[in-house]
Amino acid sequence: MASSQDLPKNYDFAEVEERWRSIWRDEDHYFDKKSKKPQFVIDTPPPYPTGNFHIGNALNWCYIDFFARYKRMKGFNVMFPQGWDCHGLPTEVKVEEINHITKNDVSREEFRRLCRELTEKNIGLMRITLRKMAFSTDWSNEYVTMQPKYYGKTQLSFLRMLASGYIYQSEHPVNYCTRCETAIAFAEVSYEDRETHLNFFDFDGVEIATTRPELLAACVAIAVHPDDERYRALKGRTMKVPLFCHDVPVVLDEAVDPAFGSGAVMICTFGDKQDVHWWKQHNLSLRKAIDRQGRMTEIAGKYKGLNTTECRAAILAEMKAQDILKRQEKLAQRVGTCWRCKTPIEILSERQWFVKIKPAEIADAAHKIAWYPEHMLLRMENWVEQMEWDWCISRQRIFATPIPVWFCKKCGEIALPEDKDLPVDPTQVNPKHPCKKCGSTEFDGEVDVLDTWMDSSISVLNVTGWDGSGTPPFFPAQIRPQGHDIIRTWAFYTILRSVALTGQKPWNEILVNGMVLGEDGFKMSKSRGNIIVPEEILVKYGADALRQWGAMGAATGSDIMFNWNDVVAASRFQTKMWNITKFALIQLEKEGLETDAQITALADRWLLVRLSDTVELVSDALEAYQFDVALKAIREFAWEVLADNYIELVKGRLYKSDESRKGACLALHTAFDALCRLLAPFTPYFAEECYSHLSPGSSVHKQPWVAFTYDDDAARIEGNLLVQVVAEVRKYKHDTGLALNAPLGKVTIYAPHTVNDEGDTGRTLNADVHWRTDAAKLDRVITGIDFNRSVIGPTFRKQAQAFMAAITALSPEQMANPPKTIMLEGTETAVPENAFTPKYSYMEEGAKVDVITVGDVILTIAKSA
RNA sequence: GGGCUUGUGGUCUAGUUGGUUAUGACGUCGCCCUUACACGGCGGAGGUCACCGGUUCGAAUCCGGUCAGGCCCA
């Protein structure tokens with residue numbers, strides 16, 4: 001044990017955290033592939049390397065680290081890997097911004113190099129924050145999706161799913177961002193309210209209302225409701241499109257809302273998702289009026305080359321000139337936009353690669369996973385149920401995993417690489433064999449790349465050791481921690497891919513964390529100015545305080561409002577605990593600890609039984625991922641039980657030097673040692689610092705989880721009573737204007753059992769305390785009744801009120817000695833035991849003593865003259 | 001418009017199967033610098049548990065509705 005002289009007066013988190021960071025070794029957190037211990041593999045979310053680890057990430061990682069550390073102490077072989085989900089548009093956009101270029105200004109290779117460099121730099125910055133937060137990351141299992149080692153696996157998974165028919169290519173309408181020039185999935189479309197105009201114009205004699213006149217060239221039909229009398233005559237007709245003069249059929253469809261606009265709608269390829277429905281259902285032709293850059297095509301005639309906004313204005317002007325534009329109405333509209341750049345999306349029909357979505361298969365696997373909290377499963381179910389299109393996985397971008405496919409220049413046949421040739425960039429190298437169909441050796445490499453979710457949806461396969469064949473050695477993982485915002489993406493795609501590639505669910509459990517809202521209760525955003533970054537908290541209060549906030553902020557799974565108060569409270573708890581540490585060490589080093597000392601004093605037994613209760617509660621809470629419950633119980637034990645009550649009780653005994661001191665020392669040591677371990681998952685720096693003074697040279701993080709149990713019901717009951725007695729006397733002193741340490745005279749405690757308090761009570765109260773088991777010789781006067789509703793309710797049901805009224809009406813003598821039966825609404829009814837207790841006021845020989853009752857314990861206080 | 005979720009003292013928050021006085025933190029008021037701690041201790045004030053109705057002997061808790069917030073989606 002270190003000398004208590006070494007302990008600084010104040011806990012300096014900055015110094016302590018930095019010191020332990022330099023001492024701890026990464027290897028202690030490595031997953032051991034040969035271990036015989038039960039495995040606990042975590043499918044950690046790979047964050048997007050923006051360079052800033054935001055507070056939402058911090059919360060999620062706190063949760064992960066709590067159970068990672070807990071599981072290690074419980075004897076599990078834990079893998080807490082760290083991945084980086086590198087590919088995607090944001091980095092491309094950032095690179096264009098920083099270098100003042102567009103992706104077309106440099107070669108694909110050069111552009112990728114710039115993206116890789118920026119990403120590496122950002123990863124470096126984020127690693128620093130992860131380390132400061134003391135996350136027990138397994139750096140030996142770090143993965144970076146942009147590195148060949150990883151994206152080779154992404155490509156391998158592509159080939160496997162292509163072979164099994166999950167992946168196919170097809171021309172199909174897809175959501176397309178014309179600014180980013182790429183297809184995107186539904187999961188990447190966000191919606192915004194905008195105001196637009198509904199334009200009413202004459203369409204070959206019929207009034208049509210449209211918000212998108214620029215798509216007139218892409219009109220392929222007119223649709224009306226089959227029951228709409230106004231348009232009965234149109235059935236079976238062909239109509240001529242104004243300005244463009246091509247003929248289109250009239251179709252009848254129940255989905256047309258007769259009340260909207262004129263009740264007749266033009267179907268274009270494609271104005272929105274509904275158009276796609278109609279186009280499929282009525283087998284209409286395809287007219288592509290908008291190209292990948294968002295400009296009008298050949299079929300728009302003289303409008304070719306205009307962007308959609310210009311084209312809209314031009315067509316409306318032309319309509320006016322021809323006098324077919326009748327009127328315009330304002331209309332509130334929801335526009336689908338690209339989630340990254342907010343450009344309204346177009347629906348374009350393009351040759352793309354798709355992954356088949358089999359809802360039943362995904363739902364089945366989702367049901368085999370334990371969801372925390374449970375209701376998050378519903379979100380998955382809802383999303384699965386309403387999937388309409390397959391998942392479009394091809395993107396027309398650069399910084400992403402290349403699609404490992406070539407097309408024969410001569411016959412168009414597809415050529416694929418062999419497993420051993422992966423990873424491959426088909427735009428850089430040719431296939432090793434000539435075309436299987438025609439023997440040609442000339443190929444075009446696929447220029448499209450994969451959706452980033454194709455990378456991240458195999459994170460769990462990667463960490464569990466997938467090599468393309470069968471079930472990976474450590475699959476399924478034990479847990480997936482993630483936010484509820486990406487249930488429809490990351491969780492959904494991961495389940496899909498795991499089922500497709502292994503036939504199994506990816507994890508046993510999924511722990512869904514809430515979002516972190518700003519102090520104003522709104523989602524953090526730059527425009528609101530309510531962003532709090534982890535670094536700010538780390539500098540002001542340290543990692544342990546931030547981690548405590550993560551545990552205590554809210555119940556796991558619910559959204560959590562950031563609150564400086566909680567961080568401050570966390571920091572204060574550390575101060576308190578630091579003082580407990582100092583006190584404990586000062587006491588423990590005075591005389592050597594006797595590990596076989598007898599625990600006989602009530603306070604000591606009480607401390608140990610309360611510790612035992614706390615360990616059980618904390619362990620159960622951690623098993624259920626209820627971090628708030630767990631940490632709250634630890635704090636309560638340290639602060640209330642140990643500091644405010646136990647230490648106050650035994651201080652006097654500890655200052656002495658006799659046999660009774662030894663038991664207190666042992667109890668104190670046991671509790672303090674356990675507290676360090678209980679705190680280890682939550683506040684790793686702080687717990688390590690405290691423990692290092694108790695057991696120099698050994699790390700708390702290498703200790704097993706507390707296994708302490710102490711079975712002593714009597715100690716719990718009598719000890720709680722003792723604490724109550726002390727509290728009541730303190731209150732009495734307070735109420736009668738005495739200082740708490742003022743001498744009190746003689747206090748007699750009439751308790752039902754003999755209590756061995758080793759004089760603790762007397763020293764604590766500064767009074768001459770006598771414990772007695774005989775009955776107090778007091779005159780008592782009944783002043784009221786306390787009813788026990790949990791007895792009366794079930795017994796009397798509807799007569800409960802009547803029963804209580806009857807008891808209240810009894811004479812004081814009858815209340816003190818209640819009759820066996822009582823008349824209740826004309827019926828003689830038995831009086832149950834424990835139905836009520838009289839409230840007494842005690843007198844002894846006039847008014848010489850004050851009397852306090854605590855349960856069935858009676859205290860008389862005779863103040864010293 | 002739909003799904004999910006929340007509404008508890010000034011602020012944030014706990015409350016598991018309905019059961020005596022509704023948890024804790026911050027703030028606030030009073031007393032106390034007692035050899036670990038004033039970043040502390042002790043005590044107090046402050047709540048018709050959003051609103052309305054129902055089930056029940058009994059509802060913060062269960063059911064229905066209303067209002068308000070949040071998240072995700074159409």
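Just so we're clear, the structure is a prediction, and the values are computed from it rather than from any experiment.
- For the side-chain hydrogen bond (donor to acceptor under 3.5 Å, both in side chains) with A/Arg653, the lone residue among A/Asp760, A/Asp658, A/Asp757 that qualifies is A/Asp760.
- Taking the six-membered ring for Trp and the full ring otherwise, A/Phe686 and A/Phe13 have centroids separated by 6.0 Å or more.
- For A/Phe562 and B/U11, the CZ to C1' distance is 15 Å, given to the nearest whole Å.
- Taking atom C1' on both nucleotides, B/C49 is separated from B/U6 by 14 Å, rounded to a whole Å.
- Ring-plane geometry between A/Phe492 and A/Trp383 is classed as perpendicular, the angle between the planes exceeding 60 degrees on a 0 to 90 degree scale with a lower cut at 30.
- Salt-bridge annotation for A/Glu728 and A/Lys733: absent, with no side-chain N of the basic residue lying under 4.0 Å from a carboxylate O of the acidic one.
- Going from the P atom of B/G53 to that of B/U61 covers 14 Å, rounded to whole Å.
- Between A/Leu517 and A/Glu636, the residue anchored closer to the 5' end of RNA chain B is A/Glu636, taking for each the nucleotide with the nearest heavy atom.
- The gap from the C1' atom of B/G46 to that of B/A22 amounts to 14 Å, rounded to the nearest Å.
- The six-membered or imidazole ring of A/Phe562 lies near that of A/Trp564, with a centre-to-centre distance under 6.0 Å.
- B/C37 is unpaired under the criterion used here, namely a Watson-Crick or G-U wobble arrangement in which both key atom distances are under 3.5 Å.
- Note: A/Leu666 CG to A/Thr670 OG1 = 4.0 Å, rounded to the nearest 0.5 Å.
- Pairing for B/A22 is absent, judged as Watson-Crick or G-U wobble with the two contacts each under 3.5 Å.
- The partner of B/G43 is B/C29, judged by Watson-Crick or G-U wobble contacts that both fall below 3.5 Å.
- Comparing atom distances between the A/His375 side chain and each of B/C12, B/C4, B/G24 picks out B/C4 as nearest.
- In a base pair of the Watson-Crick type (N1 to N3 plus N6-O4 or O6-N4) or a G-U wobble (N1-O2 and O6-N3), with each distance short of 3.5 Å, B/A68 is matched with B/U6.
- A ring-centre distance under 6.0 Å is not found for A/Tyr541 and A/Trp549.
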Contact pattern, 5' to 3', of nucleotides 34-44 of chain B - B, S or - by protein heavy atom under 4.0 Å: BBBB-BSSSSS

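- In this structure, A/Leu617 atom CG and B/U16 atom C1' are separated by 12 Å, rounded to whole Å.
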